[in-house]
Each structure stands twice: as structure tokens, then as C-alpha cells.
Trainee: 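The structure under discussion is supplied below as C-alpha cells; questions concerning it will follow.
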Amino acid sequence: MLKIGIVLGSVRQGRNGEAVAKWTYDFATNRNDADVEYEIVDLADYSLPMLGAEVPEAQQEEAVAAIKAWSEKIASFDGYIFLAPEYNHAVGGAFKNALDYLNPEVNNKAAGFVGYGSLGGTRAHENLRLILGELQVADVRTAVNFSLMTDFVNMSEFKPAEYHAANANEMLDQVIAWSGALKTVRVEKATV
């Protein structure tokens with residue numbers, strides 16, 4: 001069984017990401033891939049402090065628990081679909097901060113991207129490719145890019161065009177193949 005986390009990387013109030021994450025989850029599960037399980041992980045459910053910032057003593061226990069819960073949840077997956085909205089030509093600060101808390105949890109795993117923004121989140125995906133390379137995550141070529149101009153009514157109501165299904169299928173095929181292949185690498189490393 002492969003476990004694929006659909007990670008919603010925005011914590012912004014009024015975000016469009018919840019609808020995009022639900023669409024991605026529904027699309028993936030409706031494919032009925034054998035031995036593949038999908039789960040949405042919402043970054044907003046983890047109150048991660050800024051990495052390296054001083055945490056007041058009264059909040060330290062809560063911060064440690066959030067970091068541990070984030071680490072354990074992300075480590076539980078064999079691969080990821082990172083849902084990355086684009087902010088200022090990059091991933092949002094909260095998402096980058098969350099990724100900075102990870103390393104061994106994601107090593108030798110695969111990731112695909114679903115994005116949205118004025119250019120479909122493309123620049124956020126390119127930014128993620130750099131970050132994930134350092135974390136030893138193999139990102140797949142095909143991504144799904146939703147435009148705020150054409151896939152959202154009034155830039156807020158999600159109405160994706162049908163043609164995104166082809167890229168979504170290709171991206172999922174790639175994530176599943178690479179996640180399965182890299183799982184064997186992790187198993188081999190664990191037995192050495």
C-alpha cells in the first residue's frame with residue numbers, strides 16, 4: 001500500500017486552497033488506483049512556530065507538540081502532492097517554514113505539484129523543486145496549474161476546466177510510479 005499525502009500549503013484566511021485540495025483528493029480517489037491511499041494534510045492544522053524564533057515559555061509545549069505532529073504526519077507518507085499557491089513568485093512563507101522543519105521525514109520520496117495563481121502556481125512549483133532537491137525528494141515532471149483568471153469565478157469560486165484532468169492523471173501516474181520505486185530504496189537502506 002502506498003500512502004500519498006495531499007499537502008495543502010496555504011494557511012491564509014479566505015484561501016482558495018481548500019477547494020483545490022478537495023478537487024485533487026476527489027480526482028485522485030476516483031481513479032481507484034490499486035494499493036494507493038490518499039489523505040489531505042492541511043498545514044493550517046499545525047501551529048508551527050517560525051523556525052529558529054524564540055518561543056515564549058508558556059507556548060513551548062504547544063510548539064513542540066505541533067512540530068512533532070507535523071513531522072510524524074509527513075513521515076507517514078510514501079509520496080506527496082504539494083498544493084502550492086503562488087505568493088510573490090514563490091511558495092508562501094508558512095509553507096516554506098513548514099518544509100524547513102523536515103528532512104529525514106521526506107528523504108527518498110516523490111512529490112507532484114498542484115498549484116494556483118495568476119500563472120497557475122508555476123513559479124511556486126519551480127521554487128519547490130529547489131527546496132525539495134535539498135531535502136532529497138524526487139519531484140515529477142507533470143504538474144497541475146489552475147489559473148485564478150480562468151479556473152475561478154471572481155478569483156474565488158473554483159470551477160476548473162476539464163482539460164486539467166489529463167495533467168492530473170499524468171502527474172498522479174508519475175507520483176505513484178516514483179513513490180513505489182523509492183519505497184524500495186528506503187526499504188533497502190533500512191536493511192543495510
Side-chain angles (χ1 to χ4, degrees), residues 4-31 36 38-46 48 70 73-74 77-102 106 109-179:
I4 307 295
I6 299 171
V7 181
L8 173 49
S10 173
V11 298
R12 181 179 273 189
Q13 296 221 349
R15 62 195 170 158
N16 290 320
E18 290 174 338
V20 177
K22 182 181 180 335
W23 181 92
T24 303
Y25 176 82
D26 290 345
F27 187 92
T29 56
N30 287 337
R31 286 171 30 119
V36 181
Y38 298 95
E39 179 182 343
I40 294 175
V41 179
D42 189 342
L43 182 57
D45 292 338
Y46 300 86
L48 298 171
W70 169 248
K73 176 52 77 178
I74 294 302
F77 297 108
D78 298 301
Y80 311 95
I81 298 165
F82 289 120
L83 198 152
E86 184 176 316
Y87 299 117
N88 298 321
H89 292 215
V91 298
F95 193 22
K96 172 63 166 83
N97 183 62
L99 292 171
D100 286 343
Y101 275 103
L102 305 173
V106 296
K109 296 183 181 180
F113 306 123
V114 173
Y116 63 90
S118 59
L119 294 175
T122 303
R123 294 172 294 205
H125 296 169
E126 293 305 314
N127 186 221
L128 274 172
R129 290 181 198 283
L130 293 172
I131 296 163
L132 295 177
E134 180 61 23
L135 296 174
Q136 300 179 59
V137 176
D139 58 87
V140 303
R141 179 183 177 275
T142 303
V144 182
N145 304 93
F146 296 111
S147 169
L148 284 173
M149 311 309 169
T150 58
D151 293 306
F152 293 84
V153 176
N154 296 322
M155 294 207 227
S156 60
E157 184 184 350
F158 189 47
K159 299 279 188 181
E162 289 183 25
Y163 69 83
H164 291 294
N167 276 355
N169 276 317
E170 184 67 26
M171 182 266 300
L172 288 165
D173 288 345
Q174 293 170 8
V175 168
I176 291 167
W178 279 90
S179 295

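One is the number of the first residue; the rest follow in order along the sequence. Because the structure is predicted, anything quoted here is derived from the model rather than measured.
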Trainee: Rounded to the nearest 0.5 Å, what separation is found between the CG atom of L172 and the CD1 atom of I4?
Mentor: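 One finds 8.5 Å between CG of L172 and CD1 of I4.
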Trainee: Would you check if the side chain of H125 reaches a backbone N or O of G115 as a donor-acceptor pair within less than 3.5 Å?
Mentor: yes
Trainee: Using the side chain to side chain contact (heavy atoms under 4.5 Å, CB included) rule, take I81 and Y25 through it: C-alpha gap first, then chi angles, then the decisive distance, then the call.
Mentor: CA-CA 10 Å; I81 298 165; Y25 176 82; over 6 Å; no
Trainee: If you round to the nearest 0.5 Å, how far is CG of L48 from CG of L43?
Mentor: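 Going from CG on L43 over to CG on L48, the span is 6.0 Å.
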Trainee: Please say which of Y116, W23, F113, Y163 ends up in a ring pair (Phe, Tyr, Trp, His ring centres under 6.0 Å) with F146.
Mentor: W23
Trainee: Nearest 0.5 Å, please: how far is NZ in K22 from CG in L8?
Mentor: 13.5 Å
Trainee: D26 and T29: which non-hydrogen atoms are nearest, and at how many Å?
Mentor: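 Between these two residues, the closest heavy atoms are O-OG1, 3.3 Å.
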Trainee: Check step by step if side chain to side chain contact (heavy atoms under 4.5 Å, CB included) holds for D45 and K73.
Mentor: CA-CA 11 Å; D45 292 338; K73 176 52 77 178; over 6 Å; no
Trainee: Take atom CH2 in W178; do more than 12 heavy atoms of anything else shown fall under 6.0 Å from it?
Mentor: no
Trainee: Verify side chain to side chain contact (heavy atoms under 4.5 Å, CB included) between E86 and N127, making sure each step is shown before the conclusion.
Mentor: CA-CA 10 Å; E86 184 176 316; N127 186 221; over 6 Å; no
Trainee: Do the ring planes of Y80 and F82 sit parallel (below 30°), tilted (30 to 60°) or perpendicular (above 60°)?
Mentor: parallel
Trainee: Contact between L99 and L128 at the side-chain level, heavy atoms closer than 4.5 Å - yes or no?
Mentor: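 With C-beta onward as the side chain, the pair touches.
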Trainee: Give me the atom names and distance for the closest heavy-atom approach of W70 to Y101.
Mentor: CD1-CB, 4.2 Å
Trainee: Answer with yes or no after comparing the ring centroid distance for Y87 and F95 against a 6.0 Å cut-off, counting only values under it.
Mentor: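 No, the ring centres sit 6.0 Å or more apart.
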Trainee: What's the spacing between H164 NE2 and T24 OG1 if we round to 0.5 Å?
Mentor: 10.5 Å
Trainee: Under a 3.5 Å distance rule, please check whether D151 uses its side chain to pair with a backbone N or O of A161 as donor and acceptor.
Mentor: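 At least one qualifying donor-acceptor pair exists.
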Trainee: Counting heavy atoms not belonging to M149, are there more than 12 under 6.0 Å from its CE?
Mentor: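 Yes, CE of M149 has more than 12 neighbouring heavy atoms, counting only those of other groups under 6.0 Å.
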Trainee: If you define the side chain from C-beta out and look only at heavy atoms, does anything of R15 sit under 4.5 Å from V20?
Mentor: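 The answer is no; the side chains never approach within 4.5 Å.
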Trainee: Just checking R129: does its CZ atom have more than 12 heavy atoms from other residues, nucleotides or ligands closer to it than 6.0 angstrom?
Mentor: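 Yes, enclosed.
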Trainee: So, N97 side chain and G93 main chain: donor-acceptor pair closer than 3.5 Å or not?
Mentor: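 Not confirmed, N97 side chain does not pair with G93 backbone.
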Trainee: What's the verdict on side chain to side chain contact (heavy atoms under 4.5 Å, CB included) for I74 and V7, showing C-alpha distance, side-chain angles and the deciding distance?
Mentor: CA-CA 9 Å; I74 294 302; V7 181; 4.1 Å; yes
Trainee: Side chain of N154, backbone of S156: donor and acceptor closer than 3.5 Å?
Mentor: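 Not a single qualifying donor-acceptor pair exists.
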Trainee: Please check: side-chain N/O of N16 versus main-chain N/O of M155, any donor-acceptor pairing under 3.5 Å?
Mentor: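 Indeed, once roles are kept as given, a pair shorter than 3.5 Å links the two residues.
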Trainee: May I ask you to say whether R123 pairs ionically with E126, meaning some side-chain N is under 4.0 Å from a carboxylate O?
Mentor: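 Answer for the salt bridge query: no.
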Trainee: Can you name the closest pair of heavy atoms from V91 and A124 and give their distance?
Mentor: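 Heavy atoms of V91 and A124 come nearest at CG1-O, 3.5 Å.
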Trainee: Taking everything shown except N88 itself, do over 12 heavy atoms lie less than 6.0 Å from its CG?
Mentor: no
Trainee: Identify the heavy atoms of A111 and L132 that sit nearest to each other, and give their distance.
Mentor: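 Looking at all heavy atoms of both residues, the closest pair is CB-CD1, 4.1 Å.
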Trainee: Measure the spacing between CG of N169 and OG1 of T142 and express it to the nearest 0.5 Å.
Mentor: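 Result: 10.5 Å between the selected atoms.
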Trainee: Tell me, with the steps shown, if E170 and R141 meet salt bridge (charged side-chain N to carboxylate O under 4.0 Å, His left out).
Mentor: CA-CA 9 Å; E170 184 67 26; R141 179 183 177 275; over 6 Å; no
Trainee: Rounded to the nearest 0.5 Å, how far does CZ of F152 lie from NZ of K159?
Mentor: 12.0 Å
Trainee: With a 4.5 Å limit on heavy-atom distance, are the side chains of F27 and V144 in contact?
Mentor: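 Not in contact.
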